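For clarity, every value in this text was computed on a predicted model and none was experimentally measured. Note on naming: letters A, B, ... go to the chains in the order of the sequence lines (proteins, then strands), and numbering restarts at 1 for each one.
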Amino acid sequence: MLFSTYRNTKALLVAMMILTFGFTLFITFGEGHTMHFDVGLNTFAGLFIFGVGMVLAGACTVSTWVKAGEGNIGAVWALIFTFVGMFLFSLVWSVDYWPPAPVSMTGEPNLEALQLGYANAATLQEKFGIPAIVFGLMQVAVLYGIYRAILRKEAIQAGHHREVSESHEASSTPAE
Amino acid sequence: MEFFKKTLDPVIALMAIAVLDIFLFLIVGAWTVGGGETMMTGLIAEVFMGDDLKRLPFWNLVFKPDIGYWKIYISLGMLFGAFVGAKLSDEFYLRFPRRMSEWVMITIGGLLMGIGIRLAFVCNVSTFFGLTPEMNLGGYLAISGIVAGAWVGSMISKKFWRVETCPSLANALWLSYSDLVSACWFSVHAFAILRRCATPCYSAPIATPKLYWWR
């Protein structure tokens, strides 16, 4: 799982710091292909459902592909049902048309359809006239703060671990 | 092949992925997973249903099945890469989930992942390696969603594992399975109902024929 140990979380934070810096740097100069679609309540709800599924299946979509390649039949089964889930969703969508299709996205908040519109580093740069990299560096600083907090927490845990093992040793020596 | 036998330090592995992802961002767009799978679903469904698929507005308006879609090949590349890596390190062998409960969890998990990806337009990779580094508003929404979801998921699986230790409860497992599926359907529908309540005269974005093959 994502947060059961901090080893992968730390790696993820490092990668996100690099990516934030790289992406916002290129966005500043108008380079790169940003993902362009409106977000809204569906983004939160969808990833919530995805998060539950990810833990139950024991893998996200990437790791199901990788595990499938390594010969894991359970992962192949998960993939098949991911496809089934997508197809079921397409049936529901064809009735209620929510979330809005990319062709009907406006980029503006549309609260009636529970949509918040489109906003990223590029739109921030446009709106405030401040280069996107400035916002990017702010995000890098926040990510680094989380990284530091994890390191601190790990140090406390390690210290606690040492104390406990020392006290165990101390109490077990006289008995021997 | 020694290289494939060693486990790479996750920090180094993800740093390499991050740098490659920046190149990908400049060429086609940040690494995402989900779109390719949807396209595959569409293509598979097209094989089985033929032209009937066109009567489902989703496959016209959101995803038109297209075999040339680049994201399909990213996913197939991961499959192929993992296969080659496993073969070269002699780690390729077929593994099967042993317990019934594992099959059940994988089935529900897969279904929920598929529904979640399509509801949000993103999966966890595009959240962490695409939306959030682009500082897209959706990235922050998605991270909060995935953290909450993973937490709930681990609660559910804990409960499942406790039940699982008692084999006589296999029936109960199947019952919870169907309950969970209906619960997830409900949550998908609940948003649609909520939205309908808010806007009684909401119209579909584009007029489409009201002909559905399953009716």
Side-chain angles (χ1 to χ4, degrees), chain A residues 2 8 11 14-16 18-20 22-23 32-35 37 39 42-53 55-57 60-62 65-66 68-74 77-78 81-83 85-87 89-90 92-94 96-98 100-101 104 112 114 119-121 135 139, chain B residues 10-11 14 18 22 25-26 29 33 38 41 56-58 61-62 75 78-79 82-83 86 92-97 105-116 118-121 123-125 130 133-138 141-142 145-146 148-150 152-154 188 192 195 199 204-205:
Chain A
L2 195 59
N8 292 337
V14 172
M16 279 171 73
I18 297 173
L19 283 171
T20 305
F23 283 5
H33 301 261
T34 51
M35 284 189 229
F37 52 83
V39 297
N42 61 306
T43 316
F44 178 82
L47 261 290
F48 178 82
I49 295 172
F50 181 88
V52 175
V55 173
L56 291 188
C60 76
T61 342
V62 174
W65 280 111
V66 172
E70 288 171 347
N72 191 321
I73 300 301
W77 187 257
F81 276 88
T82 306
F83 290 172
M86 284 175 169
F87 190 75
F89 182 81
S90 79
V92 177
W93 194 89
S94 301
D96 66 13
Y97 296 95
W98 192 82
S104 64
E112 288 177 353
L114 302 174
N120 67 6
F135 297 103
Q139 179 163 302
Chain B
V11 176
L14 279 179
I22 293 175
F25 170 71
L26 288 174
V33 177
T38 314
T41 311
L56 277 174
F58 180 88
L61 298 177
V62 187
S75 296
M78 287 191 286
L79 182 76
F83 175 73
F92 183 87
Y93 55 93
L94 294 181
R95 308 161 174 87
F96 291 88
M105 293 226 289
I106 290 172
T107 312
I108 306 169
L111 277 175
L112 292 183
M113 283 201 287
I115 294 168
R118 283 288 30 101
L119 191 60
F121 291 104
C123 80
N124 58 342
V125 170
E134 283 168 16
M135 303 191 68
N136 195 311
L137 178 64
L141 287 170
I146 206 166
V152 171
S154 53
V188 171
R195 192 215 64 206
T199 52

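Side-chain atoms of A:Gln139 do not come within 3.5 Å of backbone N or O of B:Met135 as any donor-acceptor pair. In this structure, the side chain of A:Thr43 does not engage the main chain of B:Ala142 through any donor-acceptor pair within 3.5 Å. A donor-acceptor pair under 3.5 Å is absent between the side-chain atoms of B:Arg118 and the main chain of A:Gly85, judged by distance alone.
For B:Phe25, the parts lying near chain A are the backbone and the side chain together; criterion is any non-hydrogen pair under 4.5 Å. Contacts of A:Val14 with chain B are made by side-chain atoms alone, with heavy-atom separations under 4.5 Å and no backbone atom involved.
Nearest heavy-atom pair across A:Val62 and B:Met78 is CG1-SD, 3.5 Å. Closest heavy-atom contact between A:Val55 and B:Gly153: CG1-C, 3.6 Å. Residue B:Leu112 comes nearest to A:Gly53 through the heavy atom pair CB-CA, 3.7 Å, listed as atom of the first residue, atom of the second, then distance. Minimum heavy-atom separation, A:Phe23 to B:Pro133: CD2-CB, 3.5 Å. Closest heavy-atom contact between A:Leu56 and B:Gly109: CB-CA, 4.0 Å. Contact record, A:Ala57 with B:Gly110: CB-N, 4.2 Å, taken as the closest heavy-atom pair.
For the atom pair CG of B:Leu111 and CE of A:Met86, the computed distance is 11.5 Å after rounding to the nearest 0.5 Å. Atom CE of B:Met113 is separated from atom CD1 of A:Ile49 by 13.0 Å, given to the nearest 0.5 angstrom. The CZ atom of B:Phe83 sits 11.5 Å away from the CD atom of A:Glu70 when rounded to the nearest 0.5 Å. One distance of note links CH2 of A:Trp77 with CZ of B:Phe96; it measures 11.5 Å at 0.5 Å rounding.
The shortest distance between side-chain heavy atoms of B:Leu119 and A:Phe48 does not fall below 4.5 Å. Here the side chains of B:Ile146 and A:Phe50 are in contact, with some heavy-atom distance below 4.5 Å.
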Derivation and outcome, side-chain contact (heavy atoms from CB on, under 4.5 Å), residues A:Phe37 and B:Asn136: CA-CA 10 Å; A:Phe37 52 83; B:Asn136 195 311; 5.7 Å; no

Candidate pair B:Ile106 and A:Phe81, rule side-chain contact (heavy atoms from CB on, under 4.5 Å), full reasoning: CA-CA 8 Å; B:Ile106 290 172; A:Phe81 276 88; over 6 Å; no

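Per-residue counts of heavy-atom pairs under 4.5 Å with chain B were compared for A:Gly51, A:Ala119, A:Gly71; the largest is that of A:Gly71. In terms of heavy-atom pairs under 4.5 Å with chain A, the best-connected choice from B:Ala18, B:Cys123, B:Gly130 is B:Ala18. Each of A:Val39, A:Asn120, A:Leu47 has some count of heavy-atom pairs under 4.5 Å with chain B, and the biggest count is that of A:Leu47. Of the residues considered (A:Ala121, A:Gly74, A:Ser90), A:Ser90 shows the highest number of contacts with chain B, using heavy-atom pairs under 4.5 Å. Heavy-atom pairs under 4.5 Å with chain A were tallied for B:Leu141, B:Val125, B:Thr38, B:Val33; the largest tally goes to B:Leu141.
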